[in-house]
Amino acid sequence: MIRHPKILVLEDDSIEIKKIQRALATLDIEELSICKNGIEGMNYLEDEKEVLPNLILLDLNMPKMNGHEFLEKIKKHKQFKKIPVLIFTTSNSHVDINRCYENQVAGYMVKPIDYSEYKSILKVVEQYWLRNEFIS
Amino acid sequence: MNILYIEDDAMDRKIFERASKSILGHNWFIASSFQEGIEKLQHEPIELIIIDGYLPDGDPEKMLDHTKLPVIVLSGAAYENKDQRFKAVLLKPIQTEILEQTLSNLNLNKTDIEDQPSMKILSDMAAGDVEFEIEMLTIYLTELPNELAAISELSNQENWEATASLVHKLKSKIGLMDMPNLRVYAQEIENKCRQQEDLAGIPRKVERLIRILQQSITFAQAELEKRKV
């Protein structure tokens with residue numbers, strides 16, 4: 001069955017949040033939750049009232065618990081480690097890229113300045129995951 | 001400097017690679033079509049473009065519509081530089097001395113980070129939704145002054161790790177106001193802070209970044225006023 005993935009976005013920057021909400025809304029993605037740091041993200045995943053997301057879109061530079069720490073934490077968790085994590089960041093540092101793939105991310109995308117390019121990246125993401133089967 | 005060369009002809013690319021190889025202090029990126037060049041611009045921190053005068057899928061004029069970065073034309077025949085919109089027009093086959101001289105004459109590092117802010121990106125995003133523009137400009141104006149004050153303080157305290165994090169955060173705002181060269185500059189500051197390099201020079205660079213962004217605050221205020229009427 002084809003259905004839009006339920007996405008959890010971890011992003012702390014208010015302008016980036018607006019941008020991502022706006023871009024995803026044009027792609028008919030309705031099931032979108034946003035957490036502003038790794039701690040909020042963990043609380044969200046652990047909250048039994050919430051259905052687990054099919055996909056996590058993760059920024060790296062966040063306060064409290066950053067993207068790397070969050071990633072390392074969920075990859076040690078019996079259930080959460082099965083959720084594919086896609087990095088969406090402004091950092092193209094090799095250190096970051098390396099560390100993320102070591103922690104088994106499903107992809108690593110760098111945010112472009114240009115908005116139409118930004119949208120097309122998210123569209124590719126959506127199109128790809130639309131054709132995937134998910135655990136739940 | 002990160003320099004992108006766009007050339008469809010394989011032999012010309014070879015000649016260029018040979019000529020540029022011995023010029024130190026630059027990272028060279030090569031694209032074999034206009035389209036590939038555009039993709040490179042999206043993904044690499046390019047600071048200068050050198051482009052063939054006659055590409056099948058786009059010409060230097062079209063490149064100026066895509067970017068605010070400085071552009072040099074490298075052409076097999078005379079190429080008109082109307083209104084001096086290109087930083088230089090060079091003739092093939094390119095020679096090391098000429099390329100090196102042209103690059104050092106440009107003095108790009110000193111001037112070209114002073115991007116003028118524009119509403120292009122935000123307008124693309126809003127697609128006519130004025131409420132959205134107002135909302136984004138308001139966030140910009142509410143957050144940026146505090147962030148700049150905090151960065152100034154942290155860099156004076158020589159707290160490089162925290163300075164790097166905050167400068168990193170500025171990049172989404174710099175992007176929103178369509179200032180690509182300034183974004184490269186911010187990235188450079190962030191990298192230097194993280195790698196603890198040239199630390200003595202950082203506060204001065206940070207002050208410069210702040211000064212340019214303060215001008216963008218005036219711009220954003222004016223744009224906000226226009227929309228509230």
Side-chain angles (χ1 to χ4, degrees), chain A residues 9-27 34 36-38 57-70 87-100 107-125, chain B residues 2 38-46 66-69 115 118-127 129 131-144 147 161-162 164-184 186-187 190-191 194-195:
Chain A
V9 175
L10 270 82
E11 171 67 69
D12 68 309
D13 186 90
S14 39
I15 286 184
E16 285 299 323
I17 291 174
K18 290 270 163 210
K19 202 164 158 181
I20 207 162
Q21 280 174 328
R22 202 161 177 90
L24 290 177
T26 64
L27 298 172
I34 291 172
K36 292 196 164 191
N37 59 58
L57 220 54
L58 179 63
D59 179 32
L60 291 179
N61 197 293
M62 294 182 295
K64 292 180 188 162
M65 187 195 287
N66 72 31
H68 288 299
E69 291 161 344
F70 173 80
I87 306 298
F88 198 43
T89 174
T90 50
S91 161
N92 60 358
S93 120
H94 289 290
V95 179
D96 282 333
I97 296 172
N98 211 19
R99 188 165 167 194
C100 287
Y108 191 109
M109 314 249 174
V110 177
K111 293 171 187 163
I113 288 189
D114 183 66
Y115 183 62
S116 63
E117 175 70 10
Y118 186 95
K119 268 200 302 195
S120 54
I121 287 183
L122 289 175
K123 185 165 183 179
V124 170
V125 169
Chain B
N2 295 323
I38 298 293
E39 279 157 25
K40 281 258 173 7
L41 285 179
Q42 312 280 7
H43 298 112
E44 307 288 354
I46 303 294
H66 274 273
T67 180
K68 287 178 167 181
L69 294 175
D115 286 325
S118 99
M119 287 292 291
K120 181 184 169 294
I121 303 274
L122 183 47
S123 302
D124 276 358
M125 228 182 279
D129 181 348
E131 285 304 311
F132 181 77
E133 289 180 349
I134 291 177
E135 203 181 338
M136 293 293 261
L137 286 167
T138 307
I139 295 177
Y140 191 85
L141 290 166
T142 314
E143 294 184 350
L144 187 59
E147 288 167 353
E161 198 52 45
S165 282
L166 278 184
V167 171
H168 178 96
K169 282 291 161 214
L170 284 183
K171 285 189 289 180
S172 79
K173 291 195 173 65
I174 296 174
L176 187 74
M177 286 292 139
D178 192 19
M179 297 187 278
N181 298 313
L182 193 64
R183 192 159 111 145
V184 172
Q187 181 70 59
E190 185 189 336
N191 293 347
R194 290 200 199 280
Q195 291 150 16

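We use all heavy atoms of the structure for the numbers below, so side chains are in, but hydrogens, waters and symmetry mates are not.
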- Message: If the test is side chain to side chain contact (heavy atoms under 4.5 Å, CB included), which one of A/I113, A/D13, A/I17, A/D59 qualifies with B/S172?
- Response: A/D13
- What is the minimum heavy-atom distance between B/I121 and A/D114, and which atoms define it? CD1-CA, 3.8 Å
- Note on the structure: Correct closest heavy-atom pair for A/P112 and B/R183 would be C-NH2, 4.3 Å
- Message: List the residues meeting side-chain hydrogen bond (donor to acceptor under 3.5 Å, both in side chains) with B/Q187, not counting sequence neighbours, and say none if there are none.
- Response: B/K171, B/N191
- Assert top hit (heavy-atom pairs under 4.5 Å, partner chain A, pool B/E135, B/H43, B/K173) equals B/E135
- How far apart are the C-alpha atoms of A/T90 and B/H168, what are their side-chain angles, what is the distance that settles it, and do they pass the side-chain hydrogen bond (donor to acceptor under 3.5 Å, both in side chains) test? CA-CA 8 Å; A/T90 50; B/H168 178 96; 3.1 Å; yes
- Would you indicate whether A/K123, at its atom NZ, is surrounded by more than 12 heavy atoms from other residues, nucleotides or ligands within a distance under 6.0 Å? no
- Task: Verify the neighbour count for atom NZ of A/K36: are there more than 12 heavy atoms of other residues, nucleotides or ligands below 6.0 Å?
- Result: no
- Item | Interatomic distance, B/E190 atom CD to A/S93 atom OG [nearest 0.5 angstrom] | 8.5 Å
- Query: What residues of residues 18-26 of chain A sit under 4.5 Å from chain B when you count only heavy atoms?
  - Reply: A/K18, A/K19, A/R22
- Pair A/D12-B/K169, side-chain contact (heavy atoms from CB on, under 4.5 Å): steps then yes or no: CA-CA 9 Å; A/D12 68 309; B/K169 282 291 161 214; 2.6 Å; yes
